[in-house]
Amino acid sequence: MEAEKRPEDVVTVDVRVAKDLLQKGHLYLDVRTVEEYNKGHVENALNVPYMFFTPEGRVKNPDFLAQVMSILKKEDHLVVACNSGGRGLRACVDLLNVGFEHVNNMGGGYSAWVDSGFAGDKPPEELKTACKFRG
């Protein structure tokens, strides 16, 4: 039995490398909430939330892996990202632990993508969402 994967086992790439991988055919898995995704996302991104924001705080999506496996194959090459990197990293660990082989976490998440000018001509303030939701 293989040892359980940990965050340090995840390959993290910067946004320029991620963009290059996407141009080579990697798939982009956006693990932000639907609300975050709807404000702005990478073209052709697949959205499966890793966590939900609830009145009680963040709650992990119990169906995350099942939902991912319903749309992706374990041999697919993936770039995984959230808003700033934390959820994406944890999602990568979970994916590696169920047998996904080609998983890259995009360092800095969608915020870094926007900051690099890859999101087009919308002002960054419209595209980014605050990480902390306070009800």
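Starting from 1, each residue takes its place in the sequence as its number. Values below: all heavy atoms of this structure, side chains included; hydrogens, waters and symmetry mates excluded.
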Name all residues meeting the side chain to side chain contact (heavy atoms under 4.5 Å, CB included) criterion together with Cys82; count only those two or more places apart in sequence or in a different chain, and write none if there are none.
Val31, Arg32, Arg87
Give the minimum heavy-atom separation between Ala81 and Gly109, together with the two atoms involved.
CB-CA, 4.3 Å
Kindly say whether Phe52 contributes a backbone atom to a donor-acceptor pair with the side chain of Thr33 at under 3.5 angstrom?
no
Tightest non-hydrogen contact, residues Glu4 and Asp9, listed as O-OD2, 4.1 Å
Could you pull out the closest heavy-atom pair between Tyr110 and Gly40, with the gap in Å?
OH-C, 3.4 Å
Please report the C-alpha distance between Asn47 and His41 in whole Å, then the side-chain angles of each, then the deciding distance to 0.1 Å, and finally whether the side chain to side chain contact (heavy atoms under 4.5 Å, CB included) criterion is met.
CA-CA 9 Å; Asn47 181 222; His41 54 265; over 6 Å; no
In this structure, are over 12 heavy atoms from other groups packed under 6.0 Å from Glu43 atom CD?
no
If you apply the rule side chain to side chain contact (heavy atoms under 4.5 Å, CB included), what do you find for Lys39 with Glu35, and how did you get there?
CA-CA 7 Å; Lys39 286 187 178 156; Glu35 295 81 5; 5.9 Å; no
Determine the minimum heavy-atom distance between Ala112 and Gly107, stating which atoms define it.
CB-O, 3.8 Å
Tell me, which pairs form a side chain to side chain donor-acceptor pair (under 3.5 Å) where one or both residues lie in residues 67-77, sequence neighbours left out?
Asn61-Gln67
Under the salt bridge (Lys or Arg N to Asp or Glu O under 4.0 Å) rule, what pairs show up with a residue in residues 97-114, not counting sequence neighbours?
none
Gap between atom CG of Leu72 and atom CG of Leu95 - 0.5 Å precision
8.5 Å
Shared hydrophobic cluster, Val103 / Ile71 (ILVMFWY, side-chain heavy atoms < 4.5 Å)
yes
Quick check: is Phe118 connected to Val42 through a chain of hydrophobic side chains (ILVMFWY, heavy atoms under 4.5 Å apart)?
yes
Has Thr54 got a side-chain atom pairing as donor or acceptor with Glu56's backbone, closer than 3.5 angstrom?
yes
Treat each ILVMFWY residue as a node, draw an edge where side-chain heavy atoms are under 4.5 Å apart, and state whether Met51 and Met69 are in one component.
yes
Once salt bridge (Lys or Arg N to Asp or Glu O under 4.0 Å) is applied, what residue pairs with a partner in residues 59-70 remain, sequence neighbours excluded?
Lys60-Asp94
Among all residues two or more places apart in sequence or in another chain, which pass the ring pair (Phe, Tyr, Trp, His ring centres under 6.0 Å) test with Tyr50?
Phe64
Please, which pairs that meet salt bridge (Lys or Arg N to Asp or Glu O under 4.0 Å) have at least one residue in residues 45-55, sequence neighbours excluded?
none
Between Ala45 and Tyr37 the two heavy atoms that sit nearest each other are O-OH, 3.0 Å
Give a yes or no on whether Leu22 and Val15 share a hydrophobic cluster (residues Ile, Leu, Val, Met, Phe, Trp, Tyr; joining criterion: side-chain heavy atoms under 4.5 Å apart).
yes
What residues, two or more places apart in sequence or in another chain, satisfy side chain to side chain contact (heavy atoms under 4.5 Å, CB included) together with Val10?
Thr12, Leu89, Cys92, Val93, Leu96, Asn105
Under a 3.5 Å distance rule, please check whether Asn97 uses its side chain to pair with a backbone N or O of Lys5 as donor and acceptor.
yes
Non-hydrogen side-chain atoms of Val17 and Asn104 separated by less than 4.5 Å:
no
Quick one: list whatever passes salt bridge (charged side-chain N to carboxylate O under 4.0 Å, His left out) with Asp20, sequence neighbours left out.
Lys24
Same cluster for Leu21 and Leu46 if Ile/Leu/Val/Met/Phe/Trp/Tyr side chains link at under 4.5 Å?
no
